[in-house]
Every structure is written in C-alpha cells, then in structure tokens.
Amino acid sequence: DVQLQASGGGLVQAGGSLRLSCAVSGAPFNDYAIGWFRQAPGKEREAISFIQTINGSKYYADSVKGRFTISRDNAKNTVYLQMNSLKPEDTAVYYCAAGSNYGLGHYIERGGMDYWGKGTQVTVSS
C-alpha cells in the first residue's frame, strides 16, 4: 500500500518561511497526483497545491499563489512545499495525499484522493 508522511512543520513568525516534505513509500513514485491540504480547527479542509509527479504540472489555490511553491524530487520519492511570506492565516495542520487514477484536473475539481498521510502542524505567529 502507499504511505505518505508530511514533515517539516513548526512555529514561524509572520513573513517567515518553512519547507514541508511529503515522503511517499510503498509504491513506485512514477505517476501520482500529489496534493497538499491544510485544515485549521473548526474549518473545512482546503486544497492548496497539487503536482503531477510524472511531468511536474502544478496547481495553486489563490490563497497561496505567489507565496508557496510545490516541487518534487522523483529520485527521492518526495514532494516539497516551500512556503514563503507566511501569514497567521496559514496556521493549520498540513497534509499530503496522493491520487493514482486521474490527472490533476480530476482531483482539483472533485477531490477523492486515494491515500492520505498524517499531517504536520504549521503555526504562524504575528
């Protein structure tokens, strides 16, 4: 089975940066849609970025566009989320997830990611 583990969260001041990592194991890192999601207490889960591992196609939600950058290292079976210019409203638990059956458009529009990892806490202070 596919396992994903998000890491790299922590406490940072507003305006600072963090880089999250999503390590994928249990299956070849050939062609997945990998998404980053976040959820703050009492709020709905928000999809913030996706990448297709085979070709690097990317998507960003408006809330993070221009500040966050998603990338992948296929040799390391890892997807990264570089988060710059962090704001207090970015505070959330961040999760990565994988979709194996469709391209980015499907998961962006419809959700239904197949595999989920445990989240990592990001806290941005002001």
Side-chain angles (χ1 to χ4, degrees):
D1 199 16
V2 176
Q3 296 89 45
L4 304 98
Q5 179 62 59
S7 62
L11 175 64
V12 65
Q13 293 187 60
S17 299
L18 286 172
R19 189 180 75 162
L20 305 184
S21 298
C22 176
V24 181
S25 62
F29 194 70
N30 295 129
D31 191 11
Y32 291 96
I34 304 295
W36 284 101
F37 301 78
R38 65 186 183 187
Q39 188 166 26
K43 296 188 176 181
E44 294 184 347
R45 186 174 61 211
E46 177 189 15
I48 57 172
S49 188
F50 291 86
I51 189 168
Q52 194 77 42
T53 58
I54 196 168
N55 59 19
S57 296
K58 300 172 182 178
Y59 163 85
Y60 299 98
D62 288 343
S63 58
V64 306
K65 190 175 297 182
R67 300 188 297 121
F68 292 9
T69 303
I70 192 169
S71 62
R72 93 287 198 200
D73 186 337
N74 288 351
K76 296 182 178 180
N77 291 359
T78 301
V79 170
Y80 303 97
L81 186 69
Q82 179 67 45
M83 306 187 296
N84 297 328
S85 301
L86 283 162
K87 305 174 181 179
E89 50 262 50
D90 295 318
T91 295
V93 177
Y94 284 69
Y95 301 87
C96 60
S100 61
N101 298 127
Y102 304 99
L104 292 183
H106 173 91
Y107 297 107
I108 293 165
E109 179 67 26
R110 299 173 178 87
M113 304 292 278
D114 300 298
Y115 309 99
W116 288 85
K118 294 182 178 180
T120 185
Q121 176 72 48
V122 172
T123 303
V124 184
S125 63
S126 61

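In this text the structure is predicted, and so the values were computed from the model without any measurement.
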Could you grab the distance from atom [atom1] of [X] to atom [atom2] of [Y], nearest 0.5 Å is fine?
X: Ser125; Y: Gln13; atom1: OG; atom2: CD; answer: 5.0 Å
X: Tyr80; Y: Ser71; atom1: OH; atom2: OG; answer: 7.5 Å
X: Gln39; Y: Tyr94; atom1: CD; atom2: OH; answer: 12.0 Å
X: Ser21; Y: Asp73; atom1: OG; atom2: CG; answer: 10.0 Å
X: Gln3; Y: Lys118; atom1: CD; atom2: NZ; answer: 11.5 Å
X: Asp31; Y: Ile54; atom1: CG; atom2: CD1; answer: 4.0 Å

Is there a path of hydrophobic side-chain contacts, each under 4.5 Å between heavy atoms of I/L/V/M/F/W/Y residues, joining [Y] to [X]?
X: Trp36; Y: Trp116; answer: no
X: Leu18; Y: Leu11; answer: no
X: Ile70; Y: Met113; answer: no
X: Ile34; Y: Tyr115; answer: yes
X: Tyr60; Y: Ile48; answer: yes

Can you list the steps and then say if Leu20 with Val122 is a side-chain contact (heavy atoms from CB on, under 4.5 Å)?
CA-CA 9 Å; Leu20 305 184; Val122 172; 4.0 Å; yes
Are the side chain of [X] and the backbone of [Y] linked by a donor-acceptor contact shorter than 3.5 Å?
X: Gln52; Y: Leu104; result: yes
X: Arg72; Y: Thr53; result: yes
X: Tyr107; Y: Ser100; result: yes
X: Thr120; Y: Ser7; result: no
X: Arg67; Y: Ser85; result: yes
X: Ser49; Y: Tyr59; result: yes
X: Thr91; Y: Val124; result: yes
X: Glu46; Y: Glu44; result: no

Between Val24 and Val2, is the side-chain contact (heavy atoms from CB on, under 4.5 Å) condition met? List the steps.
CA-CA 7 Å; Val24 181; Val2 176; 4.0 Å; yes
Quick one, [X] and [Y] - any side-chain contact, counting heavy atoms below 4.5 Å?
X: Thr123; Y: Gln121; result: yes
X: Gln5; Y: Cys22; result: no
X: Phe68; Y: Leu86; result: yes

is_close_aromatic(Phe50, Phe37), centroid dist under 6.0 Å:
yes
Check Asp90 with Lys87, please: is the shortest side-chain N to carboxylate O separation under 4.0 Å?
no
Please give me the minimum heavy-atom distance between Cys96 and Leu4, naming the atom from each residue.
SG-CB, 3.9 Å
Can you name the nearest heavy-atom pair linking Ser126 to Ala14, along with the distance?
CA-CB, 4.4 Å
What do the steps show when you test Ser17 against Gln82 for side-chain contact (heavy atoms from CB on, under 4.5 Å), and what is the final call?
CA-CA 7 Å; Ser17 299; Gln82 179 67 45; 3.9 Å; yes
